[in-house]
Amino acid sequence: MASIESVTLEVADPTAARQFCTTAFGLDTQVRLRASDAPTTGFRGFTLALTVSQPGTVDTLIGAALDAGATSLKPAAKSFWGYGGVVRAPDGTIWKVATSAKKDTGPATRRIDEIVLLLGVADVVASKRFYVDQGLAVAKSFSRVYVEFAAGASPVKLALYRRRALAKDVGVPPEGTGSHGLVIGGDAGPFTDPDGYAWEAASPALAP
């Protein structure tokens, strides 16, 4: 079964972006950084979602992200599915922090239970078929709306969502041009998917 081995964000200042990821979310090796000056405007098409256990942890991580320089796109709030908020990092990456729990069951922590890379795509069914052909196994599928792939031992889970729906979910206009600013490493690569997301062969070494 193919899976994600790494997620690399292409940013103008990798050192600053690494500082943000570490300070805001305690992420180190889970997300890699690579210098790039490729032009990009508007919505880059993807979101990194952090799933946690309770609302207090959402607030802790969102607060740390804002203190580290992030901009609030959606303040943390309750919804029918749970509790969560969305921020945009100084490098432009959109992060969502959420939990399905609606009440705290203990002290707030900084523990992240799951990292999900949500790709906004034009046609969920076509992209699902493409990724299955690359060797990824479907874990959940909701018609033309959402697909989640089995993560295996990967630190990051891959999911597909309609681009417009994803943009609405994180509180930004769906339009965007230029680079996605994202490279996915895995044993299925290298290739570029129907929406222009680039995969490369996984490397055990951290990207420079």
Side-chain angles (χ1 to χ4, degrees), residues 1-11 14 17-18 20-34 36 43-53 57-58 61-62 64-65 70 84-89 91-100 109-121 124 127-128 130-132 134-141 146-161 163 166 169-170 179-193 195-208:
M1 181 185 74
S3 63
I4 293 178
E5 298 295 332
S6 64
V7 172
T8 300
L9 301 177
E10 296 186 321
V11 299
R18 169 61 60 209
F20 173 83
C21 287
T22 303
T23 303
F25 305 127
L27 298 176
D28 185 14
T29 58
Q30 301 95 325
V31 177
R32 303 177 181 183
L33 286 306
R34 180 180 299 167
S36 173
F43 183 41
R44 285 158 55 184
F46 73 93
T47 299
L48 281 164
L50 307 178
T51 303
V52 300
S53 63
T57 300
V58 172
L61 293 174
I62 291 285
V86 183
V87 298
R88 178 185 275 126
D91 62 75
T93 303
I94 295 175
W95 295 84
K96 180 176 183 177
V97 186
T99 177
S100 59
T109 70
R110 288 174 54 84
R111 176 190 166 101
I112 295 168
D113 296 329
E114 189 174 65
I115 305 172
V116 182
L117 173 61
L118 276 160
L119 300 183
V121 301
V124 171
S127 291
K128 171 186 172 182
F130 175 87
Y131 277 109
V132 168
Q134 304 306 316
L136 277 76
V138 174
K140 297 178 183 177
S141 182
Y146 177 82
V147 174
E148 189 176 287
F149 296 97
S154 170
V156 181
K157 182 179 290 185
L158 178 67
L160 308 176
Y161 206 20
R163 181 185 173 100
L166 181 58
D169 182 60
V170 297
S179 171
H180 288 298
L182 172 73
V183 178
I184 306 165
D187 43 16
F191 59 81
T192 300
D193 83 356
D195 293 273
Y197 296 104
W199 285 63
E200 64 185 11
S203 167
L206 288 178

What closest approach, in Å, do [X] and [Y] show between heavy atoms, and which atom pair accounts for it?
{"X": "Leu166", "Y": "Gly45", "value": "CD2-O, 3.7 Å"}
{"X": "Asp113", "Y": "Ser53", "value": "OD2-N, 3.3 Å"}
{"X": "Ala139", "Y": "Ala150", "value": "CB-N, 3.7 Å"}
{"X": "Gly85", "Y": "Val58", "value": "N-CG1, 4.3 Å"}
{"X": "Leu61", "Y": "Ala24", "value": "CD2-O, 3.7 Å"}

State whether the side chain of [X] and the backbone N or O of [Y] hold a donor-acceptor pair below 3.5 Å, judged by distance alone.
{"X": "Arg34", "Y": "Leu182", "answer": "no"}
{"X": "Asp187", "Y": "Ser3", "answer": "yes"}
{"X": "Gln134", "Y": "Val132", "answer": "no"}
{"X": "Arg32", "Y": "Val183", "answer": "no"}

Less than 4.5 Å apart, any side-chain heavy atom of [X] and any of [Y]?
{"X": "Phe46", "Y": "Leu9", "value": "yes"}
{"X": "Asp91", "Y": "Leu33", "value": "no"}
{"X": "Leu119", "Y": "Asp195", "value": "no"}
{"X": "Lys157", "Y": "Ile4", "value": "no"}
{"X": "Leu27", "Y": "Ile115", "value": "yes"}
{"X": "Val170", "Y": "Trp95", "value": "no"}
{"X": "Thr93", "Y": "Leu48", "value": "yes"}

Inter-residue atom distance [X].[atom1] - [Y].[atom2], 0.5 Å rounding:
{"X": "Ser179", "Y": "Glu10", "atom1": "OG", "atom2": "CD", "answer": "5.0 Å"}
{"X": "Glu148", "Y": "Leu136", "atom1": "CD", "atom2": "CG", "answer": "12.0 Å"}
{"X": "Phe43", "Y": "Ile94", "atom1": "CZ", "atom2": "CD1", "answer": "5.5 Å"}
{"X": "Glu200", "Y": "Ser6", "atom1": "CD", "atom2": "OG", "answer": "6.0 Å"}

Partner set under side chain to side chain donor-acceptor pair (under 3.5 Å) for Thr192, not counting sequence neighbours: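 Checked Thr192 against side chain to side chain donor-acceptor pair (under 3.5 Å); zero matches.
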Lys96 with Asp169: basic N within carboxylate O range, under 4.0 Å: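 Asp169 and Lys96: salt-bridged.
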Full working for side chain to side chain contact (heavy atoms under 4.5 Å, CB included) between Asp28 and Arg18: CA-CA 8 Å; Asp28 185 14; Arg18 169 61 60 209; 4.3 Å; yes
Over 12 foreign heavy atoms within 6.0 Å of CZ, Arg111: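 Count not over threshold, so no.
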Close aromatic pair by centroid cut-off 6.0 Å: Tyr131 and Phe149: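 Yes, the ring of Tyr131 comes within the 6.0 Å limit of the ring of Phe149, centre to centre.
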Tyr197 ring center near Phe130 ring center (under 6.0 Å):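 No: the rings miss the under 6.0 Å criterion.
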Evaluation steps, side chain to side chain contact (heavy atoms under 4.5 Å, CB included), between Thr99 and Thr57: CA-CA 9 Å; Thr99 177; Thr57 300; over 6 Å; no
